[in-house]
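Report on the structure given below.
All residue numbers refer to positions in the sequence shown, counting from 1.
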Amino acid sequence: MSSLPAPPPVAAPNVLPLPMKLLNIVAWVVFLLSAYHLWPSTERLHSIPHFHLKGLSVLDLSVILAFVSSLLYLFCFFGIPFLQPDLPVPPPSECTGMDEKFIVPEVLPGSDEEIVNAVISGEVPSHALEKQLGNSRRAASIRREAIQRTIGRTLDGLPINNFDYDSILGRCCELPVGYVQLPVGVAGPLLLDGLEYYVPMATTEGCLVASTNRGCKAITESGGAISTILRDGMTRAPAVRFETAAKAAQLKFFLEQPENLETIAHIFNRSSRYARLQVIKCGLAGRYLYMRFVCGTGDAMGMNMVSKGVQDVLEFLQDDFPDMEVISISGNYCADKKPAALNWIEGRGKSVVCEATIKEEIVKKVLKTDVASLVELNVIKNLAGSAMAGAMGGFNAHASNIVTAIFIATGQDPAQNVESSHCITMMEAVNGGRNLHVSVTMPCIEVGTVGGGTHLSAQAACLDLLGVKGASVDSPGANARRLATIVAGAVLAGELSLMSALAAGQLVKSHMKYNRSSKGISPKDI
């Protein structure tokens, strides 16, 4: 399909009072005549000691002035068509306040109605609207209208106004037609590692924020929680193929030799200021080799950073292993956004353990249950029950609830809750059975405070609420690590509260009260 015609080019000399051709002819004539006059005089001019104006006649001065003026015109000021190309069209934002007759037309001309029809007919591709219009908000509106007419249904309930569409262009979302509103609640204060946090949670599940808030209260009133980061390393695992399994094994042995790691790390690390290769672990299946690169990524979640470093290493290895065939930069041995025993055992992103000791009186007063009941329930439900189900990293009550809510609120990748929600919850009676020691161990919390959706205004505000917005100036990676510990601390609170509700038989009652709306429902349907 052909696109709509482009607007005519804008030529600067069109604003002059005389026709451009006439001006160019005059300039050329003046330039050539003055040059002809000056050429024989160059020896005389050079012969004047300490050259100054007194050595020049009025005619010489006039000719020099004419020469310089014509030269400036031809090369510096307006130019001629074959020396100066047509001026590019400035974006609409640069035309604000200009006279209407001088406003440069948009790359894609026509009214909104005409462009909508062109999108529907296929003359203008929907994905190119932002580029051709130079206005992200208008592009979203036109795309939205074209879709509504195509499907015959309305998107009136989907907001489109009051959003910065430029902030997502080329970064977060393609082909936008609006945005989804999600309520954000705050649980806290949560006393963690001596600091109090109010944890933002974006969710549509009733009871979730209230329950987590109750857990935060129990932890804070018992003296707070303590977190420890066990590991910090994002992974990427390309898949390569060799002619034989023996050749694949040769590369495996080469990569796993400590003396070779320094050279490979040098290649990897120079791809980014923050990328730091830690280790490479390989898995082999026949003649296919899977190389799992583990590296630090500063305050970024780091998938793109790691992928770039891996690409550089693969190109380096190709010299010594020319028969290596790269199948994919990601061979699922990473493993990203999929439940995997490898992640559960080795970890991915930030591996965190968070613990607290809850006083007996707090268990009774705030959580409305007792220590013995919680310990027993945790063994039967979170440990034995999950084992019966063949769970992979799912030895918990509802870690993914809290992880997902915080991820959405703070601009993380929600799909990474798959491995980030890996968690084992432990509960034990301590201090002679009077107090409860509770912990969550989470080996794969994949978060960042820069990149992705963290730059969006709402998500950035939630990060700022936690004091971890942007990159850490003093210690690269500190903000992302702190965010991971906050996620673990909030999960600890959520586990504590839900398990207490189950032990006390309050789950159904609380969800009937907070998680079911009677709006628009008759009493007989409740």
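Between T425 and the options L492, N396, L496, a side chain to side chain contact (heavy atoms under 4.5 Å, CB included) holds for only N396. Of the candidates L129, I142, L133, V124 forms a side chain to side chain contact (heavy atoms under 4.5 Å, CB included) with just one, namely L129. Looking at V313, D312, V306 one by one, the single match for side chain to side chain contact (heavy atoms under 4.5 Å, CB included) with S271 turns out to be D312.
With sequence neighbours left out, A488 forms a side chain to side chain contact (heavy atoms under 4.5 Å, CB included) with V352, C354, M442, I445. Qualifying side-chain hydrogen bond (donor to acceptor under 3.5 Å, both in side chains) partners for K252, counting only residues two or more places apart in sequence or in other chains: E256. Taking the side chain to side chain contact (heavy atoms under 4.5 Å, CB included) definition, one finds that Q459 meets it with L456, sequence neighbours left out. In terms of the side chain to side chain contact (heavy atoms under 4.5 Å, CB included) criterion, residue partners of T454 (sequence neighbours excluded) are, by chain and number, Q412, L463. With sequence neighbours excluded, the residues forming a side-chain hydrogen bond (donor to acceptor under 3.5 Å, both in side chains) with N378 are N382, listed by chain and number.
Judged by distance alone, the side chain of R231 and the main-chain N or O of S351 form no donor-acceptor pair under 3.5 Å. Proximity of a side-chain donor or acceptor of T220 to a complementary backbone N or O of K217 within less than 3.5 Å is not detected. Side-chain atoms of N213 come within 3.5 Å of backbone atoms of G188 as a donor-acceptor pair (strictly under, hydrogens ignored). A donor-acceptor contact shorter than 3.5 Å links the side chain of T150 to the backbone of A146. In this structure, R214 contributes its side chain and S497 its backbone to a donor-acceptor pair below 3.5 Å. Between the side chain of Q318 and the backbone N or O of M324 there is at least one donor-acceptor pair closer than 3.5 Å. The backbone N or O of M234 lies less than 3.5 Å from no partner atom in the side chain of E446, so there is not a single donor-acceptor pair. The main-chain N or O of I160 is found under 3.5 Å from a side-chain atom of Y165 such that the two form a donor-acceptor pair. A donor-acceptor pair is defined here as one N or O able to donate and one able to accept, closer than 3.5 Å; such a pair exists between the side chain of R144 and the backbone of L158. With Y288 contributing its side chain and F242 its backbone, the two residues share no donor-acceptor pair below 3.5 Å.
Residue-environment remark: CG (D166) exceeds the threshold of 12 foreign heavy atoms within 6.0 Å. Heavy atoms of other residues, nucleotides or ligands lying less than 6.0 angstrom from CD of E315 number more than 12. Within a 6.0 Å sphere centred on CD of Q257, heavy atoms belonging to other residues, nucleotides or ligands number more than 12. Environment of CD in E196: crowded, with over 12 heavy atoms of neighbouring residues, nucleotides or ligands closer than 6.0 Å.
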Inset, instruction - In sequence, state the C-alpha distance, the side-chain angles, and the governing distance for D336 and S330, and then conclude on side chain to side chain contact (heavy atoms under 4.5 Å, CB included). - result: CA-CA 9 Å; D336 185 40; S330 174; 5.8 Å; no
Legend entry - L483/N479 under side chain to side chain contact (heavy atoms under 4.5 Å, CB included): CA gap, chis, key distance, verdict: CA-CA 6 Å; L483 179 57; N479 281 355; over 6 Å; no
Inset, instruction - Determine, step by step, whether Q311 and R236 satisfy the side chain to side chain contact (heavy atoms under 4.5 Å, CB included) criterion, reporting the C-alpha distance in whole Å, the side-chain angles of both residues, the deciding distance to 0.1 Å, and the verdict. - result: CA-CA 10 Å; Q311 184 67 47; R236 175 59 85 198; over 6 Å; no
Inset, instruction - Test S500 against L374 for side chain to side chain contact (heavy atoms under 4.5 Å, CB included), laying out the working first. - result: CA-CA 7 Å; S500 297; L374 281 171; 3.7 Å; yes
Inset, instruction - For side chain to side chain donor-acceptor pair (under 3.5 Å), just list the numbers for S421 and S400, CA-CA rounded to whole Å, side-chain angles, deciding distance to a tenth of an Å, and then say yes or no. - result: CA-CA 5 Å; S421 297; S400 62; 4.6 Å; no
Inset, instruction - Start with the C-alpha gap between D299 and S472, add the side-chain angles, then the distance that decides, and say whether side chain to side chain donor-acceptor pair (under 3.5 Å) holds. - result: CA-CA 7 Å; D299 283 303; S472 172; 4.9 Å; no
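The aromatic rings of F321 and F254 stand perpendicular to each other, their planes meeting at an angle above 60°, with 30° marking the opposite boundary.
In plain terms, the two heavy atoms of G453 and C172 that are nearest each other are CA-SG, 4.2 Å. Contact between A480 and K350 at its shortest, heavy atoms only, is CB-NZ, 3.9 Å. P189 and Y198 get closest at one heavy-atom pair: N-CE2, 3.6 Å. Contact record, S386 with F395: CB-CD2, 3.4 Å, taken as the closest heavy-atom pair.
Contact annotation: the side chain of L317 never approaches that of I267 to less than 4.5 Å [non-hydrogen atoms, C-beta and beyond]. With contacts defined as side-chain heavy-atom distances shorter than 4.5 Å, the pair R482/T449 does not qualify. Here the side chains of R292 and L342 are in contact, with some heavy-atom distance below 4.5 Å. Contact check for Y179 versus N162: side-chain heavy atoms found under the 4.5 Å cut-off. In this structure, T357 and S222 have side chains that are not in contact, with every pair of non-hydrogen atoms separated by 4.5 Å or more. In this structure the side chain of E346 never reaches within 4.5 angstrom of the side chain of V294, judged on heavy atoms. Annotation: side chain of K308 is not in contact with side chain of S272 (no heavy-atom distance under 4.5 Å). Inter-residue side-chain proximity for V447 and I406 is flagged as unmet; no heavy-atom pair is nearer than 4.5 Å.
The CD1 atom of I402 sits 11.5 Å away from atom CG of N417, with the distance rounded to the nearest 0.5 Å. A distance of 10.0 Å separates CE of M499 from NE2 of H398, quoted to the nearest 0.5 Å. In this structure, SG on C295 lies 9.5 Å from CG on D232, to the nearest 0.5 angstrom. In this structure, K359 NZ and N435 CG are separated by 8.5 Å, a value rounded to the nearest 0.5 Å. Here the CZ-OG1 distance, from F293 to T235, works out to 11.5 Å after rounding to the nearest 0.5 Å. Between M303 atom CE and Q416 atom CD the span is 7.0 Å, to the nearest 0.5 Å.
Salt bridge absent: R287 and E325 never bring a charged side-chain N and a carboxylate O closer than 4.0 Å.
Within the structure, the salt bridge (Lys or Arg N to Asp or Glu O under 4.0 Å) test picks out the following pairs touching residues 412-422 (sequence neighbours left out): K337-D413, R348-E419.
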